[in-house]
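Since we're looking at a predicted model, the values are computed, not measured. Each ligand, and each atom within it, is numbered from 1 in the order the structure gives.
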Amino acid sequence: MPFASLGLSPALAQAAVASGFTAPTPVQAASIPSVLEGRDVLACAQTGSGKTAAFALPLLQALQSAPQQRDPSVLVLVLVPTRELASQVGEVFSQFALALPTRTRVAVLYGGVSINPQMMRLRGGADVVVATPGRLLDLVQNNALRLGQVQHLVLDEADRLLDLGFSEELQAVLQLLPQRRQNLFFSATFPQEVEALAGSLLRDPVRIEIAATEQTQPDIAQRAIVVDAPRRTQLLKHLIEQHQWSRVLVFVATQYAADHVAEKLYKAGIYASPFHGGLSQGSRAQVLQEFKDERWQVVVTTDLAARGIDIAQLPAVVNCDLPRSAADYTHRIGRTGRAGQSGVAVSFITPEAEAHFQLIEKRQNQQVARETVAGFEPTAVAVNKQPPGTGGIKGKRPSKKDKLRAAAALAASAQADSKD
Ligand code: AMP
């Protein structure tokens with residue numbers, strides 16, 4: 001099916017093809033006609049399925065018939081949870097906008113960098129704004145832009161936007177928007193909070209759920225390697241060398257661990273860099289770009305990089321620490337196997353984490369065979385494998401206080417990473 005048959009203008013259909021998109025992906029084929037009709041859309045699709053173009057192409061077309069704004073009003077507002085995703089989505093809009101006969105101004109706004117250049121940038125007006133909620137509100141407070149004319153609202157990665165720390169800002173942004181507008185919700189997962197917001201915001205939405213068929217299911221081989229916690233970095237090094245992965249994204253639980261593991265690998269002669277919310281925005285952008293340019297072989301990160309980030313040809317993802325939820329697991333492993341490529345997602349299962357991984361497997365309705373790697377066989381026994389009443393591994397089982405402390409540290413680190 002060609003792009004033009006979805007109702008896109010010849011210029012935009014041509015721009016899609018020029019980007020190397022020979023045919024629409026299922027989420028694009030399902031969304032584009034409805035967005036062009038002006039309908040509200042609630043779309044749930046696998047990560048890496050082409051969601052960005054599914055809203056960018058038809059919204060750019062809709063802008064063609066809208067009158068040009070002279071004052072700093074915005075017609076299309078795309079809210080995203082991270083700075084990196086803002087840049088990425090903004091780039092897609094800007095690239096397709098080049099194909100249009102009239103000039104379309106795209107502004108990308110996020111925190112962690114000086115606000116002044118963004119204020120200057122908005123002086124000339126912007127038709128499309130791609131923003132993280134916090135910086136958007138700062139700019140509105142500074143009268144750098146107004147949201148009273150927004151005609152199309154997109155929530156990209158809506159589940160993450162509703163995470164702790166974002167929902168209040170999101171509500172504040174929604175208060176500034178006009179009642180009459182088109183609403184598009186795109187996300188890879190739809191937890192209850194998203195359903196509730198969708199229920200209150202969307203009018204008679206077209207629900208799009210792309211089933212994970214052979215064609216749309218990313219080709220990701222999942223592996224679970226049992227290993228003792230202190231040996232994980234050594235095992236990681238061993239796997240990188242054994243498989244000669246050209247690029248690996250490694251997930252850990254905290255910013256400290258990201259720094260620590262990256263440093264250990266670097267000292268062992270592997271080009272590894274940390275990437276997390278504790279770095280300056282300039283460093284974050286630089287590491288990501290250098291990773292894309294293949295100047296870093298390994299990037300060690302927190303869940304900051306779990307969502308939305310598109311790194312073409314990423315052959316492997318390694319969960320050195322398991323994610324907190326099954327949804328985060330889906331997002332993490334979805335960084336590989338994108339755009340029709342195959343990939344491998346390796347999870348290290350320490351004896352302490354076995355029970356948690358079983359929960360993740362249950363949630364995603366899939367079992368992953370446990371493996372051992374020669375020379376890295378675990379010496380401890382999985383906590384859940386203990387006969388009932390034996391109390392697990394003596395001295396290794398965390399106390400209630402330990403668990404609370406660990407949860408607080410994890411939450412603080414995640415909070416620092418997701419805040420913009
Ligand atoms: P997204 O889900 O928007 O992050 O897109 C994931 C990747 O798929 C990006 O690298 C896009 O450039 C690519 N992509 C999007 N649409 C298509 C298409 N119709 N054909 C081939 N690749 C696509």
- Message: Test side-chain hydrogen bond (donor to acceptor under 3.5 Å, both in side chains) on Gln281 and Arg83; report intermediate values, then the result.
- Response: CA-CA 8 Å; Gln281 184 51 33; Arg83 304 161 187 177; 2.8 Å; yes

- Query: Side chain, backbone, both or neither: which part of Phe3 has a heavy atom under 4.0 Å from ligand 1?
  - Reply: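 Just the side chain.
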
- Report the part of Ser49 in contact with ligand 1, treating N, CA, C, O as backbone and CB onward as side chain, heavy atoms under 4.0 Å; options are side chain, backbone, both, neither.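 It is the backbone that touches ligand 1; the side chain stays farther off.
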
- Query: Are any of the N or O atoms of Gln88 closer than 3.5 Å to those of ligand 1?
  - Reply: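 No; every N/O pair is 3.5 Å or more apart.
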
- Message: Pairs of nitrogen or oxygen atoms closer than 3.5 Å, one from Gln28 and one from ligand 1: do any exist?
- Response: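 For ligand 1, there is an N or O atom that lies under 3.5 Å from one belonging to Gln28.
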
- Task: With atom 2 (O) of ligand 1 as the reference point, say which of Gly50, Gly20, Ala16, Ala53 has the nearest heavy atom.
- Result: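 Closest candidate by heavy-atom distance is Gly50.
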
- Item | Proximity flag Ala23 to ligand 1, non-hydrogen atoms under 4.0 Å |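 Yes, Ala23 has heavy atoms under 4.0 Å from ligand 1.
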
- Item | Numbered atoms of ligand 1 (with element) below 4.0 Å of Thr25, judged on heavy atoms |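 Those atoms are 16 (N), 17 (C), 18 (C), 19 (N).
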
- Item | Thr52: numbered ligand 1 atoms lying under 4.0 Å from its heavy atoms |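 Near Thr52, the atoms of ligand 1 are 1 (P), 3 (O), 4 (O).
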
- Message: In the structure I gave you, are the side-chain heavy atoms of Val154 and Leu79 within less than 4.5 Å of one another anywhere?
- Response: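 No. Closest side-chain heavy atoms not under 4.5 Å.
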
- Query: Is any NZ, NE, NH1 or NH2 atom of the basic residue among Arg207 and Glu195 found under 4.0 Å from an Asp or Glu carboxylate oxygen of the other?
  - Reply: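 Judged by the 4.0 Å cut-off on N to carboxylate O distance, Arg207 and Glu195 do form a salt bridge.
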
- Query: Can Glu361 and Arg370 be counted as an ion pair, charged N to O under 4.0 angstrom?
  - Reply: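 Yes, charged N to carboxylate O under 4.0 Å.
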
- Atom CD of Gln244 with >12 non-hydrogen neighbours under 6.0 angstrom: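 Result for CD/Gln244: open.
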
- Query: Among pairs that include at least one residue of residues 236-245, which meet salt bridge (charged side-chain N to carboxylate O under 4.0 Å, His left out), considering only residues two or more places apart or in two chains?
  - Reply: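 For residues 236-245: Lys237-Glu241.
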
